Protein chains: 2
Amino acid sequence: MALASVNLTKNQKTVLDILENSSEPLKAYTILFDIQKKGIKSPLQVYRALDKLIEIGKVHKIESRNSYVACKHEGCNAKTSTSFLICENCDSVTELTGNNLISYFSKQAEKNNFNYKKHNLEIFGLCENCKLKN
Amino acid sequence: MALASVNLTKNQKTVLDILENSSEPLKAYTILFDIQKKGIKSPLQVYRALDKLIEIGKVHKIESRNSYVACKHEGCNAKTSTSFLICENCDSVTELTGNNLISYFSKQAEKNNFNYKKHNLEIFGLCENCKLKN
DNA sequence: CTTAAAATGTTATATTATAACATTACAATA
DNA sequence: TATTGTAATGTTATAATATAACATTTTAAG
């Protein structure tokens with residue numbers, strides 16, 4: 001079986017590759033336009049690759065921006081939950097890790113008799129670089 | 001000046017009214033179809049009303065669902081930040097309030113030298129009713 | 001009243017995402 | 001290796017979500 005990445009297909013590898021080499025989140029149609037040389041011609045091919053990559057946790061979607069970002073954490077367990085710091089100035093994105101968020105949210109949910117399963121968290125503000133510049 | 005709601009225009013009132021009387025979040029085009037009798041004919045009229053209502057904090061957007069929900073908290077200060085519990089079974093939505101989340105996120109952000117401004121949080125799972133049924 | 005800002009009405013179009021269906025690749029196993 | 005079932009692909013069309021542009025009207029403040 002080996003690592004999930006070993007099993008990626010051509011289209012999936014192509015899409016993951018462009019995301020991993022991007023310094024910022026990309027939109028589906030941006031990905032499409034950037035890789036039309038590599039045989040991917042239709043939106044659906046991009047979306048299907050993204051779906052799979054998200055499913056195995058190699059890519060996360062940033063909901064508020066309709067953008068996609070490659071996960072940098074080897075063996076990231078965020079197949080479902082994601083937590084991001086998003087810079088409003090330069091659009092850079094940092095992923096928060098660690099389970100302390102999950103246990104915190106579980107408790108918050110419990111107070112409302114709600115059974116926690118997963119979450120999306122997007123924190124907006126200024127990254128270190130942009131803080132210094134302003 | 002008085003309360004923000006006093007200053008709402010006809011279209012804004014119409015859109016807010018349908019959201020406040022809905023038991024669940026609504027999509028923009030659902031709102032449009034539901035209120036065409038009241039003189040709203042184009043998507044833009046709905047989106048403009050929504051933009052304004054979001055700006056004054058009477059409505060929040062649920063990013064992962066492209067849906068909109070009326071805020072039930074009198075004088076809600078969540079003009080920008082939002083925190084929701086979303087039931088995966090029945091799609092009901094509960095808004096979390098209180099500033100403890102904000103101070104928690106500020107600290108998490110600071111650990112990454114990130115200057116917190118606002119956030120969107122969406123927690124998915126089972127609401128109290130659906131927990132009991134399953 | 002006047003005037004400036006905000007909201008409206010309308011048409012067109014941009015952006016994001018999925019449906020449907022025929023075909024191909026591929027791994028498990030009989 | 002032949003079979004077979006699952007996943008992935010390729011392709012066309014279309015659905016769903018959201019904004020641009022611009023002329024006009026309403027509104028509230030001075």
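Note on naming: letters A, B, ... go to the chains in the order of the sequence lines (proteins, then strands), and numbering restarts at 1 for each one. The analysis underlying the following values was restricted to heavy atoms, covering all of them including side chains, and did not include hydrogens, waters or symmetry mates. All values derive from a computational prediction rather than experimental measurement.
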Practice item. Select from A/Arg65 and B/Lys41 the residue whose nearest nucleotide in DNA chain C is closer to the 5' end of that strand. Key: B/Lys41
Exercise for review: Say whether, by atom type as modelled, one donor and one acceptor occur between the side chain of A/Asp17 and the main chain of A/Lys13 under 3.5 angstrom.
Suggested key: no
Exercise for review: Go through residues 21-39 of chain A and report each residue with a non-hydrogen atom lying under 4.0 Å from DNA chain C, sorted by number.
Suggested key: A/Lys27, A/Tyr29
Practice item. Indicate whether OP1 or OP2 belonging to C/dA7 is found under 4.0 Å from a side-chain N or O atom of B/Lys10. Key: no
Review point. When you match B/Arg48 and B/Lys61 each to their closest nucleotide on DNA chain D, which lands nearer the 5' end?
Key: B/Lys61
Review point. If only side-chain N and O atoms of B/Thr9 are considered, is one of them under 4.0 Å from the OP1 or OP2 phosphate oxygen of D/dT26?
Key: no
**Study point:** Integer-rounded Å distance: D/dA8 P and A/Asp51 CG
**Key:** 10 Å
Check your understanding: Is the distance from OP1 or OP2 of D/dG10 to the nearest side-chain N or O of A/Gln45 less than 4.0 Å?
Key -> yes
Review point. Can you tell me if B/Ser22 uses its side chain to pair, donor with acceptor, with the backbone of B/Ile18 under 3.5 Å?
Key: no
Practice item. Please check the phosphate of C/dA27 (OP1 and OP2 only) for any side-chain N or O of A/Asn7 closer than 4.0 Å. Key: no
Check your understanding: Can a side chain N or O of B/Tyr68 be found less than 4.0 Å away from OP1 or OP2 on D/dA18?
Key -> yes
**Study point:** Rounded distance in Å - CG (A/Leu44) to P (C/dC21)
**Key:** 14 Å
Study note, to complete from the structure: Taking for B/Pro43 and for A/Ile40 the nucleotide of DNA chain D with the nearest heavy atom, the one nearer the 5' end belongs to A/Ile40
Review point. Is B/Asn66 near enough to D/dA18 that one of its side-chain N or O atoms lies under 4.0 angstrom from OP1 or OP2?
Key: yes
Exercise for review: Any chance you could pull the hydrophobic cluster mates of B/Phe124, using side-chain heavy atoms under 4.5 angstrom and chaining through other members?
Suggested key: B/Ile62, B/Val69, B/Phe84, B/Ile86, B/Val93
Point to revise | Any donor-acceptor N or O pair under 3.5 Å, side chains B/Asn112, A/Thr94 | key: no
Review point. Whole-Å distance between C/dT15 P and A/Glu63 CD?
Key: 20 Å
Exercise for review: Check whether any side-chain N or O of A/Thr14 sits under 3.5 Å from a backbone N or O of A/Lys10 as a donor-acceptor pair, and report yes or no.
Suggested key: yes
Review point. Quick one: B/Tyr47 OH to C/dG9 P, roughly how many Å, whole number?
Key: 18 Å
Check your understanding: Is the backbone N or O of A/His119 less than 3.5 Å from a side-chain atom of A/Ser81, with the two atoms forming a donor-acceptor pair by type?
Key -> yes
Review point. Which whole-number value in Å describes the distance from A/Gln12 CD to C/dC26 P?
Key: 12 Å
**Study point:** Value in whole Å for how far the P atom of C/dA6 lies from CG of B/Asn11
**Key:** 17 Å
Study note, to complete from the structure: When rounded to whole Å, the NZ to C1' distance for the pair A/Lys13 and D/dA8 reads 13 Å
Exercise for review: Please check if the side chain of A/Ser106 supplies one atom and the backbone of A/Ile102 the other of a donor-acceptor pair under 3.5 Å.
Suggested key: yes
